[in-house]
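First comes the structure, then the notes that go with it.
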Amino acid sequence: MRYKLVKHSKLEDIDTDCLVIPVKGAQDRWKKRNSVVKKLDSITQGMVMKALEQGDLPAKSGKTLMLPLPAGMKARRLLLVYAGSKETLGQKEASRMLKGTASRLKEMSARNVTLLWADLKIDERPVDWLIQRTVSAIEEVTYQFDNYKSKASKPVALETVSIIPSTKSTLPQKALKEAVALAEGMKLSKDLGNLPGNECTPAFLAAKATELAKEYPDLTVKVMNESEMKKLGMGSLLSVAAGSQEPARLIVFEYRKGKKTARPTILVGKGITFDSGGISLKPGARMDEMKFDMCGAATVFGVFLAVLKLKPSMNLVGIVAASENMPDGKATKPGDVVTSMSGKTIEILNTDAEGRLVLCDALTYARRFNPEYVIDVATLTGACVVALGAHASGLYANDDELADKLLAAGEYSNDKAWRMPLWDEYQQQIDSKVADVANVGGAGAGSVTAACFLERFAKDFRWAHMDIAGSAWSSTRKRSTGRPVGLLYQFLLNG
Ligand code: BES
Ligand code: MN
Ligand code: ZN
């Protein structure tokens, strides 16, 4: 999709396949007030008010009414969209309005549309927010993933979206640029997540990263194979890959356009390209969804692409721990003890708790970058889905300031996270009778004890962990959501 910001001009002169106009405020004032509606009504010689008066636009945020071929106008269609009874829209209302608009635009045969957002005011949110939400709503509904259908679904007709953001002459180009870069990043993240496990292997992810580095000179990528990881002592990560025919990879991204002396933020992604559970085999039902177990990795890819498009001044490192988790004669068994790169020994009581096993070595590796912050992103526990469902990612942190920044970025970008506790009391659940630590914490607080495990490997820096098991994909739609690319990107831009 192409997006443009355009200046306000006379309503009748706006040359577009479809002019989208929000209708807001108390119904009895639509006509009396000197609003856009009134102007439109006089241009169209009463058509607009007649339609509104006969109730053709339901008074529910996001409902739309299409008026084709309006008289007296250059626009070929008018799309009225209900935007609430108040002059200033609440954020939820605005989101519903944008979603309704986007869905209607998707079904239309219009190739270019113009959104007249000039007199939209959103509660406590700047025009930048409106632009970002508009782009993301349209991207969300127009996203298609049909590479694997021999007959592709009907393409979306819409090509160009013009936004009239204000009556002022200065257009918020920076906000649009940021939003478009994010859209590209989210799309990559969704695409990678949606790929089947037989295509999206650790080697595939590594090749994809290398390809990105070729295309974007600001990115350097280093890929480590199993023997290099072995030399580094990554016994925990490698124990997960032991049962797979697909060798593991550690993929390291570096983007350094910040001050030389500025310590980098590090994003660590869980990249289990298929999680069968290993010897602790998962039940069959919905096991297919474990192709999404690399959505943490996909998030790292997505954030990097967004950053590469935008080119902000910052130092960013990404570490993707990519592996399959499979049962085999050579697979790791319950009761096995492995030594992690940190030197800590781990008793593997359940081979299905593999995410933490790959992440702990990636976290230890992160130390060498002298990071400002380390944030790992992982589809880590079913327990997190039980606790928070799909609406929020679980957030854990050993630093309150970092946690608050992430929560705020999530609120702003409509990609919410909810903080969970990391109290010491939980730590004893993962004490092992045999080794330094056990990889499962027994009954209760499964998402918390998984985070507690990671925390033991994140003592040397300010760290946060996001459990995205519930937010990264939709089980009903069997589709990746691209989350939490929006949250992390916003966090990075906020600085
Ligand atoms: N990838 C799963 C977590 C998961 C499960 C995400 C279901 C989304 C839906 C992870 O590797 C896993 O299997 N975790 C186990 C941990 C348990 C063995 C302590 C789980 O959550 O059951
Ligand atoms: Mn697992
Ligand atoms: Zn997993």
Side-chain angles (χ1 to χ4, degrees), residues 193 197 200 202 205 236-237 239-244 246 248 268-299 320-327 331-336 346-360 362 376-394 396 420 426 429-432 437-454 465-481 483-484:
C200 184
L205 286 177
S236 181
L237 191 158
S239 76
V240 174
S244 172
E246 298 285 343
V268 177
K270 171 180 174 183
I272 300 296
T273 58
F274 186 74
D275 179 13
S276 70
I279 296 298
S280 313
L281 194 64
K282 284 182 182 295
R286 288 174 45 184
M287 203 206 272
D288 61 296
E289 290 181 30
M290 284 300 116
K291 72 169 188 176
F292 292 115
D293 211 17
M294 38 58 72
C295 281
T299 299
V320 164
S323 174
E324 266 189 349
N325 184 25
M326 296 291 277
T332 299
K333 307 171 291 299
D336 286 0
I346 303 167
E347 184 188 15
I348 299 178
L349 292 172
N350 187 321
T351 65
D352 197 12
E354 85 297 339
R356 63 200 79 182
L357 296 175
V358 300
L359 289 171
C360 69
D376 77 68
V377 193
T379 49
L380 205 63
T381 64
C384 190
V385 191
V386 175
L388 297 175
H391 301 301
S393 305
Y396 299 84
M420 303 277 279
Y426 291 105
Q429 279 182 247
I430 51 170
D431 287 339
S432 162
V437 61
N439 83 324
V440 291
S447 179
V448 181
T449 53
C452 284
F453 180 96
L454 296 176
H465 155 62
M466 297 188 69
D467 194 333
I468 60 167
S471 56
W473 77 91
S474 153
S475 289
T476 43
R477 295 167 55 219
K478 300 256 180 183
R479 278 281 187 279
S480 159
T481 60
R483 293 174 67 187

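What you see is a predicted model, and the numbers here were worked out from it, not measured in a lab. Counting starts at 1 for both ligands and their atoms, following the listed order.
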N, O or S of K270 under 2.8 Å from the Zn ion (ligand 3): yes

Atom of D275 closest to the Mn ion (ligand 2), considering N, O or S atoms: OD2

Shortest-distance N/O/S atom, D275 versus the Zn ion (ligand 3): OD2

Minimum-distance atom from the Mn ion (ligand 2) among N, O or S atoms of E354: OE1

Heavy atom of W473, distance to ligand 1 below 4.0 Å: yes

Closest approach to the Zn ion (ligand 3) by E354, given as the N, O or S atom name: OE2

Ligand 1 contacted by E289 (non-hydrogen, < 4.0 Å): no

Residue-ligand contact K270/ligand 1, heavy atom below 4.0 Å: yes

Name, closest N/O/S atom of D293 to the Zn ion (ligand 3): OD2

D275 contact mode with ligand 1 (heavy-atom cut-off under 4.0 Å): side chain

For L380, atoms of ligand 1 separated by under 4.0 Å from a heavy atom: 2 (C), 3 (C), 10 (C), 12 (C), 14 (N)

Heteroatom test (N, O or S) for D352 near the Zn ion (ligand 3), limit 2.8 Å: no

